[in-house]
Each structure stands twice: as C-alpha cells, then as structure tokens.
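Reading through the structure tokens given below for one structure.
Computed from heavy atoms alone, side chains included, the values below leave out hydrogens, waters and symmetry copies.
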Amino acid sequence: MTTDDDDAVVRLDRLNANLAKVEELSQRLMVALSRRKQADPALNGPGQDVYLKAAAAYVAEMMQNPAKILEHQITYWGKSLKHYVEAQQALARGKLEAPPDSTPKDRRFSNPLWETHPFFNYLKQQYLLNSEAVANAVGSLEHLDPADRKRVEYFSRQIVDMFAPTNFLGTNPDALSRAVETDGKSLVQGLENLVRDIEASNGDLLVTLADPQAFHVGANIATTPGAVVYRNKMLELIQYAPTTEKVFRTPLVIFPPWINKFYILDLKPQNSLIKWIVDQGHTLFVVSWVNPDASYRDVGMDDYIRDGYIRALAEVRRITGQKKVNAVGYCIAGTTLALTLAYLKKAGDTSVNSATFFTTLTDFSDQGEVGVFLNDDFVDGIERQTAEDGILSKVFMSRTFSFLRSNDLIYQPAIRSYMLGEAPPAFDLLFWNGDGTNLPAKMAMEYLRGLCQRDDFAKGRFPVLGTPVSLHDITLPVFAVACETDHIAAWKGSFNGVRQFGSRDKTFVLSQSGHIAGIVNPPAKGKYGHYVSDAPMTLPEDWKNASTFHAGSWWPRWGAWLSQRSGAKVAARTPGDPGHPVLAPAPGTYVTAEPAA
C-alpha cells in the first residue's frame, strides 16, 4: 500500500469520526431546541395584512396597467434566458469557465469561485437577477400608501436576503472547501457552535457575535477608574476619578440607554468617550441602569424619570455642592431626558444648565427603518408577551435590531460560525452588542404606544408624573448629535424633534456613520467627519444642503461648547462625599448582574 493510500485511509477514518460526532451533536441540538419557550407568533414576523396588501396592490396593478407588469416579466425572462444561453455556450466550448458577468459587486460573493466556476457563477447571477426582479416589482407598486410600501419593501428584501445561496451549505463554496480541507471537522465545529448558541439562549437562536471569553467588564473593558456613589432600585450612579488637577465647576451626568449597557461609552481607553470627557477636566457621573426581571413589570416611564433622572440629578448636585448640572442623554435615554426637562420646566426647576442629545428621537413622525416593526401586528404581540412575562426580553430586542442589518449581524456571522466552524472574533463592540438588557413590561408599552405610535410628546400630550409635556417646553441650551446612516434613530427624525424645542440656543451636528460608530468616534482615529450649519432649522434636507463638512470627530466641537457652559475651574473632586460613601468600584454591580429568571 502506498503512502497516498495510507493518507486516504487516515482521512476517511477522520471523516467517519467527524460524521459520528455530527450525529451526537444533532441529538444534543434536538434537546436544546425542545427547551424553547413558545412566544407570541406576532413576534416572529409581520402580520398577514402586509402580504395581503402587497398582493392586492400587485393584482390592481396587473388589472389597470398590464403592460407594465408584462414589461417587468418579459425583461426578467429575457435576462434569465440570456444568462442560461451564455452559460450553456461557455460549457459547450469545453472549458470550465463562467459566461460574461455584469452583475454588481456584492461582498457576500467575494470568493473567486463565484466569478470563475460555472456552477457557482450561475447561482450568483441568477440570484441577483431574481433579487432585482423582486425589487423592481415591489418598487413599482402604485396602490400602496407610503407606510405600507416601506414595510413591503423591507420585508421582501429580508426574504430575498435570507435565500441568498451563501446562506446554504450546498451552495457556499467557502463552506464546502473548508469541509473538504478539514475532513468534515469544520462542520462538526460549526454544529458545536450552533448547539452552544441555542443552549445559551434556552432554545432560541441568537448568533454569538464575539468571543464571550475575550472580554470581562471591569477587567479589559469599562476600566476607566471611578466608583459607585449612589444606588437605588433603578440605577447605580458612577462618579469617575479626575485626571486633571482642576475641573470645571458644573458637573456632567450621562444617561445612557437602558436597552443596552452603559459601557459602550467606555470600551477601551483609546475609544472611551467617558475617559475623554474626564481628561477634558469634567467631573463626570454616569448612570448604570438595573437590568430588570419580572418583578419590575409595573415600572413605567414615570419611575425612570422620578427614581432615575430626577434622583440622579439631585444626587449629583448634593455630591458636588452645585446648583446646576449639565446632562447628556443617548437614544431612548435622550428621549426620556427630553421628557424630564420638559417636566422640570413646567415645575419651575432650573437645575439643569444644558442638555446634549446623542441619536435621540423626540418626534416620531419619521421613525426611520425601525418603523417597520412599530405597527400593531408587532406591538400587539409585544403587549401580549410582556403581559405574560413581565418584561420585554432582550432576545426579542436583539433579534429585531439585528434584522435592521441582517447580512452583517445575522447571516455573515452565522456562516462563519456554523458553516466554517470559526470561533467568534475578539471584538469589543460586538461583545457589548450581545450583552443586552430587558425592559419592564409597563415601560415598554408606554414607550411603544405613547411615543412611537401616537407621537404624544411631539403632540404635547405625553404625561410625565401627571403633567402633559411638549417639545416646546424644552428651553435650555441644547447640543444634538444625529448620525447619517442610523438604522435606529433616523437623523431626519432627530432633526425634526430638536427643531421644535423651545430653546434659542440650539446646535445640531450630523455625524457620519451609524448609531454607534457615529457617536463612539474618538478624534485620534480621524475616521468619521461631521456636518454643521448656521442655516435655520426648517427642513432637514435644506439644513443638510446648507451645511459644511468637517473632517474628524465632533467630540472637540462638543467639548468646546460644553466648556463654555461649565463654569470656572475648581479643585478636582474625588468620588463621593461623607454622605455618599463608595459602594463599589466602577463599573459597578448592576452592569454585570443577571436578572432573575
């Protein structure tokens, strides 16, 4: 027997052993899937009315304008037939080569075999032709109102993306090549990754985006020195240690969103906004919200405002001995900061000196891409589910936000993990993205119904502690940052809210990039620029057209604005005071605590 024969036997044995492992893992997979808790069906997809409206619009189009429908169909048939003929002609030449390919570049198809191999190239070209045909058919429907059109376009695109040939083992050259090279070991490792993810999510499937062992909160991320100086059932208040001999007199408090954890602002020293603020000479406080369990089911927006915002502002004033505080709100925490400021205005409380808003919606008439999930078909299901569970689970929220960028946050990570058998990368941002939080049932529904659906704040009728408030009630100096490609808080919607504030002193900045990268954009990286304008805040498009682009981060611009509203310099303050002893070192205990099951 030759050496080659010996190698073949060894590889065959290895392949058989791996196939046996696949059988074992398959049984474990079935057990893991059986643990899945049944959720309200409405949380798994849009209502049937979306498809019925699309079908009705298409039939109406076919009846009233058959020529246009036939033109679409004939164009698609012609392209498909031409592609088939060209593929046959390439094969008839006796060479294993692909026909001419004029399809657009798509990073899903980066493997050279998609260009050179007849089989894979045929799949790719036909898939892209099919995708184009679906997009054209949906885009040309004239019998849909704009909101329904947006939903039909979004969900049809999701279906098309799901059926990409890269998402299936038998039509993914990367996965097939890796399986052959490793004698099936990559498939075993991929199945192990799949089972691990399903077990970790109690029967649901959430792709692990980052190596869970690579980061430890407080050890190699969220390491800016500080201390918890106050704690209640809603929050821990962290005061950060100064790095300068003198600090501005007026303290600063950041309210991060409680949909995620605060350390997105403190991942690593190089990109930590928290560290940067402290280094500019500010006494900085940051709220770390509790991760609620079912016992928080009756906690609403009023509780977040009274026991969160108003309480944190009061404790900051007590610790520093100052009558005024500068405040920052990010995303939903910015929305709630605006509600709080409007309420304080009506109550005659002037303790907040200025407010900064990061990617904040206060006028929800333009909901952006996330608006496709805010119709009654989804929200009714959320209401039923939260009534049963007491919380809106982080699983549903993580899945929803991931589908806004499904190719980047679902399909590509799943391919790498489950088909190629790769370990998740050690990426701090993705680690944070997977470290989600729950929402209390009452608060979630007040937010979804009152703010997102009814737009009550912009209409002046959202109640805060029994008092209706409006955007016009916000009159203090404001600095607002929106992000150009934000999938969650559309910049035009953010602009429209700030435009209605009663403030005379308003600065609006439009950062490049999205909801996270546009905010966590340290100056040293020189990565994303920003737009500013002195034009009146009328229409967002007019403001953008009149704006000036500036390379680099907006942080220094904000730092200069904030310093002008922070008073004279005083001796640096150490965390806490006699009435506020150190309860724990930063980043605190709430950020790592798991809610009770």
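With hydrogens and angles disregarded, no donor-acceptor distance shorter than 3.5 Å links the side chain of K21 to the backbone of V188. Between the Q367 side chain and the V372 main chain, no donor and acceptor come within less than 3.5 Å of each other. Here the side chain of Y154 pairs no donor or acceptor atom with the backbone of G371 at under 3.5 angstrom. The closest donor-acceptor contact from the side chain of T182 to the backbone of R178 lies under 3.5 Å. Between the side chain of T116 and the main chain of P112, a donor-acceptor pair closer than 3.5 Å is present. Distance alone, capped at 3.5 Å, places no donor-acceptor pair between the R35 side chain and the N202 backbone. Distance alone, capped at 3.5 Å, places no donor-acceptor pair between the W258 side chain and the L235 backbone. Formation of a donor-acceptor pair under 3.5 Å by the N167 side chain with backbone atoms of M162 is found in this model. The backbone N or O of A489 lies less than 3.5 Å from no partner atom in the side chain of T359, so there is not a single donor-acceptor pair. For the pair S140 (side chain) and A137 (backbone), a donor-acceptor distance under 3.5 Å is present.
Interatomic distance, OG1 of T386 versus CG of N438, reported as 12.0 Å (0.5 Å rounding). Between the CD1 atom of I198 and the CZ atom of R28 there is a distance of 10.5 Å, given to the nearest 0.5 Å. E192 CD to K185 NZ: the interatomic distance, rounded to the nearest 0.5 Å, is 9.5 Å. N130 CG to L128 CG: the interatomic distance, rounded to the nearest 0.5 Å, is 9.0 Å. With values rounded to the nearest 0.5 angstrom, E446 atom CD is found 8.0 Å from D303 atom CG. Atom CD1 of I264 is separated from atom CH2 of W432 by 4.5 Å, given to the nearest 0.5 angstrom.
Between D148 and K53 there is a salt bridge, with a side-chain nitrogen of the basic residue lying less than 4.0 Å from a carboxylate oxygen of the acidic one. Between R107 and D408 there is a salt bridge, since a side-chain N of the basic residue sits under 4.0 Å from a carboxylate O of the acidic one. By the 4.0 Å N-to-carboxylate-O rule, D486 lies too far from K492 to be salt-bridged with it. One finds no salt bridge joining D456 and R449 here, because no Lys/Arg side-chain nitrogen approaches an Asp/Glu carboxylate oxygen to under 4.0 Å.
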Check your understanding: Going through the distances and angles, do L392 and Q385 end up as a side-chain contact (heavy atoms from CB on, under 4.5 Å)?
Key -> CA-CA 7 Å; L392 175 56; Q385 192 68 50; over 6 Å; no

**OP:** Start with the C-alpha distance between D101 and K124, add both sets of side-chain angles, then the distance that settles salt bridge (charged side-chain N to carboxylate O under 4.0 Å, His left out), and finish with yes or no.
**Re:** CA-CA 10 Å; D101 185 352; K124 184 199 79 165; 2.6 Å; yes

Pair D377, R151 - check salt bridge (charged side-chain N to carboxylate O under 4.0 Å, His left out), show working.
CA-CA 12 Å; D377 50 358; R151 300 193 92 209; 3.0 Å; yes

Dump the intermediate steps for side-chain contact (heavy atoms from CB on, under 4.5 Å) on S511 and E484, then the final yes or no.
-> CA-CA 6 Å; S511 175; E484 195 172 16; over 6 Å; no

Practice problem: Check the pair D204, D197 against side-chain contact (heavy atoms from CB on, under 4.5 Å), reporting the backbone distance first and the verdict last. | Solution: CA-CA 8 Å; D204 278 299; D197 285 351; over 6 Å; no

For N172 and I415: C-alpha separation, side-chain torsions, deciding distance, then whether side-chain contact (heavy atoms from CB on, under 4.5 Å) applies. CA-CA 9 Å; N172 186 314; I415 289 168; 3.7 Å; yes

*Evaluate the ring pair (Phe, Tyr, Trp, His ring centres under 6.0 Å) criterion for residues F255 and Y309: first the C-alpha distance (whole Å), next the side-chain angles of each, then the deciding distance (0.1 Å), finally the verdict.*
CA-CA 8 Å; F255 295 96; Y309 288 76; 4.2 Å; yes

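Across every non-hydrogen atom of W289 and P256, the tightest pair is NE1-O, 2.7 Å. Pairing each heavy atom of L374 with each of Q453, the nearest pair is O-NE2, 2.9 Å. Scanning both residues, M419 and L169, for their nearest heavy atoms gives CE-N, 3.6 Å. For the residue pair F378 and F155, the shortest heavy atom distance occurs at CE1-CZ, 3.7 Å. Heavy-atom minimum distance, L176 versus F120: CD1-CZ, 4.1 Å. In terms of heavy-atom proximity, S201 sits nearest to L206 at OG-CB, 3.8 Å.
The aromatic rings of F364 and Y447 lie perpendicular to each other, with more than 60° between the two planes, well past the 30° mark.
Across R384, K37, R297, a single residue satisfies salt bridge (charged side-chain N to carboxylate O under 4.0 Å, His left out) together with D389, and that is K37.
For residues 168-209, no residue pair satisfies the ring-ring contact (aromatic ring centres under 6.0 Å, His included) rule, not counting sequence neighbours. Annotation: ring-ring contact (aromatic ring centres under 6.0 Å, His included) contacts involving residues 383-430, sequence neighbours excluded, are absent.
For the pair M397 and L439, the minimum side-chain heavy-atom distance is below 4.5 Å. Between P118 and L96, some side-chain heavy-atom pair lies under the 4.5 Å cut-off. Side-chain contact between L205 and L194 is present, with at least one heavy-atom pair separated by less than 4.5 Å.
Annotation: side-chain hydrogen bond (donor to acceptor under 3.5 Å, both in side chains) contacts of Y590 (sequence neighbours excluded): none.
Side-chain rings of F358 and Y330 approach one another, their centers coming within less than 6.0 Å.
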